[in-house]
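Here the structure is a predicted model, which is why all the values come from computation and not from measurement.
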Amino acid sequence: MKKLAAILVLFCVLMCSCGSTLKDDSTVTSPDTPNAPETVIENDAEQPEDVRLSNLFTNLNLNGEFYIDYVQSPIYNGDRLNFIDFDTMQTTVVCPKPNCSHEDPEVCSAFGMSHHPTAYDGKIFFFETLYGDIDENGEATQSTAIWQAQNDGTGRVKLCTVNYSFSDGETAAITGSKIYFIGSSRSNISAITESDNCHICVFDFAKNEFKDYGELCKGWNANASILGGYNGGLYISASYMTEKFESKVDYSVSEEDWEKQRELINRENEEREKLTVRSVFRLDLNSGMIEDKGVYDIDNSLFASGGFCSYTDIETGEHILYDSEGRFSKIDCELSGNAVNGIVFRMDTLTAFELSDKRVMKLNASNIGHTDIILAFRNGNYIVKDIINKSYRTVSENEMFEK
């Protein structure tokens with residue numbers, strides 16, 4: 001890969017220290033029976049790959065996945081945490097009470113943990129977005145709290161609060177006892193100043209420590225996103241605008257006038273791109289050093305998963321693939337998403353790319369659809385989730401691909 005800037009060595013700054021004497025801030029009560037059934041979350045189950053991504057679409061943990069469903073009841077509307085065991089394909093609400101209706105957050109422990117729940121050492125760690133006072137620009141200041149609970153959702157303790165915004169819709173990366181995420185100085189509603197900035201941050205579950213590895217970008221509409229992990233490094237895309245840009249698109253116009261607005265949108269997109277500075281960074285997971293890797297293809301900056309790394313050369317348009325030994329070759333397609341069982345699945349085209357053999361395979365459209373996500377490969381089957389209705393199923397290798 002081409003390196004367009006020198007390595008930036010940034011010191012790890014300890015933002016807060018979280019000890020064992022913290023007070024329990026939970027409003028969720030402990031189980032009211034000593035014979036509460038055991039949770040299906042296994043502490044000694046097989047771990048996913050070394051670096052795994054956590055976002056709204058996938059959140060692999062231990063022998064399965066955490067997922068959120070929306071509860072609408074006479075007493076509460078909101079998100080509820082569930083867990084599916086990939087070995088048994090059984091789902092459960094994260095609550096230990098045998099007769100709980102799982103509809104009241106005052107008595108059910110499954111509520112309030114929808115922000116990147118992560119299992120580690122018999123506990124669940126999760127985040128909470130905190131809104132402060134309204135500032136002079138009409139924006140609410142934001143910070144992020146990091147919480148710990150038992151693996152049934154009870155016994156909650158607030159570990160620390162950091163002065164960064166971290167949205168539940170953003171991607172985090174988990175490796176070992178650490179979760180990496182993008183901390184932003186701006187509101188997730190809008191970017192309002194030229195001092196907006198994004199940092200790469202980490203919280204260590206084992207040590208109860210938060211660290212800020214440093215600034216990735218600063219400017220109007222500063223934005224960063226974790227792409228994946230490769231050869232001991234975490235790859236992150238970052239961008240900012242050199243000037244403030246205010247859109248003149250009127251979304252309230254009638255249908256007959258919408259064509260003019262569509263033309264305006266296209267012109268504004270071109271204007272935004274001219275003002276936007278983009279780059280890809282690599283965070284060394286051992287040393288904490290940040291390296292600017294330059295700009296790759298704008299539409300799809302980088303693929304990093306399953307021990308492979310791929311990017312599109314911005315000058316030649318060629319797709320380059322690196323294996324775990326650092327050997328590179330040219331391939332015929334662009335890669336995105338995550339690798340499962342050494343295969344990258346493209347649900348938009350219903351195709352799959354086998355990383356080792358560098359061959360494209362067609363998915364069996366009778367068994368796989370465009371709204372599916374391939375989550376994992378266990379016990380000889382692929383774990384498939386339909387993201388529309390959040391249903392899970394297994395598909396064998398013979399059923400996955402066309403003959």
Going by distance alone, is a donor N or O of one side chain under 3.5 Å from an acceptor N or O of the other, for Asn163 and Ser143?
no
Heavy-atom closest pair (Leu130 atom, Ala145 atom, distance to 0.1 Å) is CD1-CB, 3.9 Å
Salt-bridge present (Asp250, Lys260; N to O < 4.0 Å):
no
Are Arg378 and Asp87 ion-paired here, with the side-chain N under 4.0 Å from a carboxylate O?
yes
Whether the Asn223 and Ser239 side chains hold a donor-acceptor pair (N or O, under 3.5 Å, no angle test) is what I'd like checked.
no
Keeping the roles fixed (side chain from His115, backbone from Phe166), state whether a donor-acceptor pair exists under 3.5 Å.
yes
Does the side chain of Asp386 come under 3.5 Å of the side chain of Ser391 through a donor N or O and an acceptor N or O?
no
With no hydrogens and no angle check, is any side-chain donor or acceptor of Asn266 less than 3.5 Å from a backbone partner on Glu263?
no
Do the rings of Phe328 and Tyr322 sit parallel, tilted or perpendicular, given the 30° and 60° boundaries?
tilted
Determine, stepwise, if the pair Lys358 / Asp323 fulfils salt bridge (charged side-chain N to carboxylate O under 4.0 Å, His left out).
CA-CA 11 Å; Lys358 304 179 184 64; Asp323 64 15; over 6 Å; no
CD of Glu65 to OG1 of Thr58: how many Å apart, nearest 0.5 Å?
4.5 Å
Does the ring-ring contact (aromatic ring centres under 6.0 Å, His included) test come out yes or no for Tyr382 and Phe345, once each step is laid out?
CA-CA 12 Å; Tyr382 288 95; Phe345 293 87; 5.6 Å; yes
To the nearest 0.5 Å, how far apart are CZ in Arg282 and CG in Asp292?
13.0 Å
Verdict with reasoning, Phe181 to Tyr164, per ring-ring contact (aromatic ring centres under 6.0 Å, His included)
CA-CA 10 Å; Phe181 61 95; Tyr164 283 126; 8.1 Å; no
